[in-house]
Amino acid sequence: MKLIIDTDPGIDDAMAIAYAAAAPEIDLIGLTTVFGNTHVHQSSRNARFLLNKLGLDAPVAEGASFALGQNHHAPSEHVHGPEGFGDITEIPEIGANHDMSAAEFLVDTARRHMGELVVCAVGPLTNIALAMQLDPEFSRNISRLVVMGGAVYCPGNVSAHAEANIYHDAKAADVVFATPPETVLVGLDVTLKTLYETADFEALAERSKDMGAFLRDISRFYLNFYKEVGGLEGCGLHDSTAVIACTHEPMFEMVETGLSVVTEGPEIGATRPDPSRPAVRVCRDVDGAGVVDLFTERVASLP
């Protein structure tokens, strides 16, 4: 599977990128970056750092700095730390970004791999909306869009109504869901059923002395947030679950429904069923233990 991950690394993004690097079913042919957990220039630096650490020669195309129509973004430092990797703040600048923007890179790669490319969006959907606006054929050229986002049948995590990725650019999400490509939505309905605990990270670090230990180290900040805010003893494998959904759909129970997103007011970012819109597949349940085991087995194979 030829895959681009649209990402804002981010601790759980780092886990997802590591999984994609280790998965034999996946040919990770690029990363596109977006604001979200960090400012976009931090997302790009972190993406290039991760690819270098994983020994992957794949391009990083930098995308949107802000939500559609906005000129400001406050990163989620309280969740991911000041540089996106928890307490680790000295992250080297390695290499350079691709000369295309994220939207241009997505459009160009979709044309070159028509019908083969899967895009997994694990940040705000701004780059995806911009790609759809740049090329009306983009939605038909990709094989599938898999989105980590939304809380369709459960409460949100940044408000009672909204999940963070959708909340950070509700307008872009609504643009995407108005005329979506073939889409799978992997939201909080399932990702909080894939908890990864301290003991899981320690076991991973024992087997993967470099990458596994790095993920354990950056996760400590993240796990502390989950414990303090949610009273949970683990973190959801949010972004990794979405990457796993790209290749292991039978692990998920899905329903088909159109979606719309509230774009203003106190319920901004709420993702709601909308039968007037084209159907996407929304994950309602997951083999959570299976996802955790698969993540561990694949990432443990890394150095």
Side-chain angles (χ1 to χ4, degrees), residues 6-8 10 12-13 34-37 64 66-76 78-80 119-133 139 145-194 225-226 229-232 235-239 241-242 245 252-286:
D6 188 66
T7 178
D8 57 337
D12 57 333
D13 303 71
V34 66
F35 72 94
N37 296 326
F66 311 112
L68 296 181
Q70 301 295 314
N71 59 9
H72 173 75
H73 172 65
S76 304
H78 61 297
V79 183
H80 294 271
V119 177
C120 186
V122 296
L125 290 176
T126 319
N127 290 337
I128 309 304
L130 291 173
M132 291 170 65
Q133 293 172 351
S139 293
L145 172 67
V146 180
V147 175
M148 191 281 119
V152 181
Y153 302 104
C154 70
N157 60 358
V158 293
S159 74
H161 311 283
E163 178 275 331
N165 287 340
I166 303 299
Y167 176 87
H168 284 312
D169 196 345
K171 290 182 180 178
D174 198 54
V175 166
V176 171
F177 296 141
T179 56
E182 182 180 338
T183 298
V184 175
L185 188 75
V186 184
L188 299 183
D189 300 279
V190 293
T191 62
L192 288 176
K193 299 176 181 178
T194 62
F225 168 80
Y226 269 82
V229 174
L232 298 173
C235 62
L237 290 177
H238 299 292
D239 296 349
T241 302
F252 297 82
E253 177 187 307
M254 304 182 191
V255 296
E256 292 195 357
T257 179
L259 295 173
S260 60
V261 179
V262 178
T263 58
E264 57 186 14
E267 296 185 5
I268 188 170
T271 310
R272 294 176 172 162
D274 184 346
S276 72
R277 286 190 160 182
V280 305
R281 285 178 287 160
V282 176
C283 294
R284 287 292 310 266
D285 204 359
V286 63

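FYI, the numbering just counts along the sequence from 1. A quick note: this is a predicted structure, and the numbers were derived from the prediction, not measured.
In this structure the side chain of Asp12 reaches within 4.5 angstrom of the side chain of Asn37, judged on heavy atoms. Here the side chains of Lys193 and Thr241 are not in contact, with every heavy-atom distance at 4.5 Å or above. Within the 4.5 Å cutoff, the side chain of Gln133 has heavy atoms near those of the Val175 side chain. Using a 4.5 Å heavy-atom threshold, the side chains of Met132 and Val176 count as touching. Residues Ile128 and Leu145 are in side-chain contact: their nearest non-hydrogen atoms beyond the backbone lie under 4.5 Å apart.
Residue Ser139 comes nearest to Pro181 through the heavy atom pair O-CB, 3.4 Å, listed as atom of the first residue, atom of the second, then distance. Minimum heavy-atom separation, Asp274 to Ser276: OD1-OG, 2.6 Å. The minimum heavy-atom distance linking Thr257 with Pro273 is given by the pair OG1-CB, 3.6 Å. Considering every non-hydrogen atom in both Val122 and Ala242, the closest pair reads CG1-CB, 4.3 Å. A pairwise comparison of heavy atoms in Asp8 and Gly36 identifies OD2-CA, 3.3 Å as the closest pair. Looking at every heavy atom in both residues, Ile268 comes nearest to Glu264 through CG1-N, 3.9 Å.
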Table please: side-chain donor-acceptor pairs of residues 146-154 below 3.5 Å, with sequence neighbours left out.
none

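Partner of Val190 under the side-chain contact (heavy atoms from CB on, under 4.5 Å) criterion, chosen from Val186, Leu188, Leu192: Val186.
The main-chain N or O of Val280 is never found under 3.5 Å from a side-chain atom of Thr183 such that the two would form a donor-acceptor pair. A donor-acceptor pair under 3.5 Å links the side-chain atoms of Asn127 to the main chain of Ala64, judged by distance alone.
Rounding to the nearest 0.5 Å places CD1 of Ile166 at 8.5 Å from CG of Leu259.
Among residues at least two apart or in separate chains, side-chain hydrogen bond (donor to acceptor under 3.5 Å, both in side chains) pairs with a member in residues 166-176 are Thr126-Asp169, Asp174-Arg277.
With sequence neighbours excluded, no residue forms a ring-ring contact (aromatic ring centres under 6.0 Å, His included) with Phe66.
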side-chain contact (heavy atoms from CB on, under 4.5 Å) between Val184 and Cys283, worked out
CA-CA 7 Å; Val184 175; Cys283 294; 3.9 Å; yes
